[in-house]
Number of protein chains: 2
Amino acid sequence: MDEQVPRDFETLRATILDRRESLPKRIAQIAAYALDNPDDIAFGTAASIAASAGVQPSTLIRFAQQLGFDGFTSLQQVFRERLRERNSSYDERLQALRAKAEGGAGHRAIFDGFIAAASTSLNDISRTLDDAHLEDAISLLAKAQTIYVLAKRRSYPVASYIAYALGKLKIRNQLIESAAGLNAEMVGFATPADAVIAISFSPYAPATIEEARAIAEQGVPIVAITDSSFSPLAQFARVWFEVAEADFAGFRSLSATMALAMALTVGVGEKRRDAVRKRKA
Amino acid sequence: MDEQVPRDFETLRATILDRRESLPKRIAQIAAYALDNPDDIAFGTAASIAASAGVQPSTLIRFAQQLGFDGFTSLQQVFRERLRERNSSYDERLQALRAKAEGGAGHRAIFDGFIAAASTSLNDISRTLDDAHLEDAISLLAKAQTIYVLAKRRSYPVASYIAYALGKLKIRNQLIESAAGLNAEMVGFATPADAVIAISFSPYAPATIEEARAIAEQGVPIVAITDSSFSPLAQFARVWFEVAEADFAGFRSLSATMALAMALTVGVGEKRRDAVRKRKA
DNA sequence: GGCAATATGAAATAATAATTCCAATCCATA
DNA sequence: TATGGATTGGAATTATTATTTCATATTGCC
């Protein structure tokens, strides 16, 4: 009966967790230590690890053998592979990309710059987004009869994707475009039972600000996505999000804004479905 | 005269690069190997590393001593610290996000899902994009009198951002929208001196395919962004890019496509500027 | 071209670390 | 509570690995 020796860290981890109950006390002790301090196992010596875990070196070896390895050394390989295989850190990646984008020649450098900008933006928003704001915004939008989507220029692509997604989800919406010059009239139709998603970044398109002001004065609640608390949009908004998009070569990444916009859209869709289900029940 | 011993990897790297010129041949050889294969230094034994680098173990130790360490072991510590300190890997981050997105409750989970999808897409395209294709596409577009931008539905936001950016860069362009139903006529104006950026993902919008076919038959070169080599768009295109966008909750991330679109746009802008400069000189 | 200084290779040696072994202890079961 | 088996601790042993040493080769300099 030869054991199946775990060759990668995840399998090893699973195996350990699986057998946890049946392990003798000291072995269990080192098993817990190993999963909690995998880096120590990767770098330490049998003696140093054993000391840190409060057991004898021989116990460490018995642990390894019980898992099917022929000794501590082969167990350690698995922990080392884990460190090796994991890609270079997020920051290193970004730094490398940015370095290539700045120093590098050719068009690949430009591409890398945009990738770096997008990654940075995603990273930032993932850290800074306030869950409560997200909930508030979704509640507000879910109650709306019609969702108006307001954005010009560089923010317009986001608005058009929101409109597309809302349409797919069968949520009534109205994209306020400038093409026909009928924006004032469109805006006039909105009532306090509706809601607006407004998106604008510095330098704020005057039309967006004007329309947001008008619509806010009609009592229509606004969810704003903008780039600072000084943004005029933030003044009019019931809920607003600060999204810091990195830029490259003068063009802002839209990836963070897009992600937020999609989360709002799909969130509203889910909330509506839940509401319907509740009403039925 | 006591040396300043580098204690972190970055300092060490700088020190090595700084002295590179003045190092003896074999020492330089191992120095280069160390910077190229830092993971091997972190985990290997003096003998194994020396063998991989094609030198004697003693050379490795001399290298360490020349840097101010008292032996290979202390040099190795620096390489180990580097692995320890670097943040959790990119993949681990993504996995965590995806886990939260799948298991998690509430709308934050949705948001995390979109962030994860966007990150994955950026990661993928960064790995797979072919530099030569990028150069080809940019050359082709830079020569065009007018750049037509063709995309419907979920790809439309990308097209609108391209149009916006081209406009900013004062590059003549025409967005082929469906609003007025004049697409056939618009397409008819294009000549072989122009070019098209066409974007379409499965399920391909029939209108996009039809217009792409028509325009290709007029001899207008097409740069396509699509999702597989089986895409009908790829048939008509002079240059085409395969972009695998991850999706979440049924909506595709656009971040990779956006990054590529921006790189094309800005690349064309640069190429035009260069051409103008050359003509002046 | 010859000399000194420096660099390199290879093997011997010292250090360190993993593993084994055995006695002591613990624990479950009758 | 006695007994057998499993578990553990600690030291002895073996293995691996870093380091040192010294002979040889190379390089720069006069």
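Side chains of Leu75(A) and Leu12(A) form a contact here, defined as non-hydrogen atoms less than 4.5 Å apart. Taking 4.5 Å as the limit, every side-chain heavy atom of Ser52(A) sits out of range of all side-chain heavy atoms of Asn37(A). In this structure the side chain of Phe248(B) never reaches within 4.5 angstrom of the side chain of Met262(A), judged on heavy atoms. Residues Gln76(B) and Thr45(B) are not in side-chain contact: their nearest non-hydrogen atoms beyond the backbone lie 4.5 Å or more apart.
Distance Arg26(A) CZ to dC27(C) C1': 15 Å, rounded to the nearest Å. Atom CD1 in Ile49(B) sits about 11 Å away from atom P in dT17(D), given to the nearest Å. We find that NZ of Lys25(A) is positioned 6 Å from P of dC27(C), with the value rounded to whole Å. Rounding to whole angstrom units, CD1 of residue Ile30(A) and C1' of dG9(D) are separated by 14 Å. In this structure, Ile27(A) places its CD1 atom 14 Å from C1' of dC26(C), rounding to the nearest Å. Rounding to whole angstrom units, CD of residue Gln77(A) and P of dT16(D) are separated by 13 Å. To the nearest angstrom, P of dA17(C) lies 11 Å from CD of Gln76(A). Distance CG (Leu60(A)) to P (dG9(D)): 12 Å, rounded to an integer number of Å.
The aromatic rings of Phe43(B) and Phe43(A) sit parallel to each other, their planes meeting at less than 30°, with 60° as the upper class boundary.
Residues Gly44(A) and Val55(B) both approach DNA chain C. Their nearest nucleotides, taken by heavy-atom distance, put Val55(B) toward the 5′ side.
The side chain of Gln56(B) contributes an N or O atom lying less than 4.0 Å from OP1 or OP2 of dA10(C).
A salt bridge between Lys271(A) and Asp274(A) is absent, with no side-chain N of the basic residue lying under 4.0 Å from a carboxylate O of the acidic one.
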Any N/O pairs under 3.5 Å between the protein and nucleotides 19-23 of chain D? List them or say none.
unit_1: dT19(D); atom_1: OP1; unit_2: Thr73(B); atom_2: OG1; d: 3.4
unit_1: dT19(D); atom_1: OP2; unit_2: Phe72(B); atom_2: N; d: 2.7

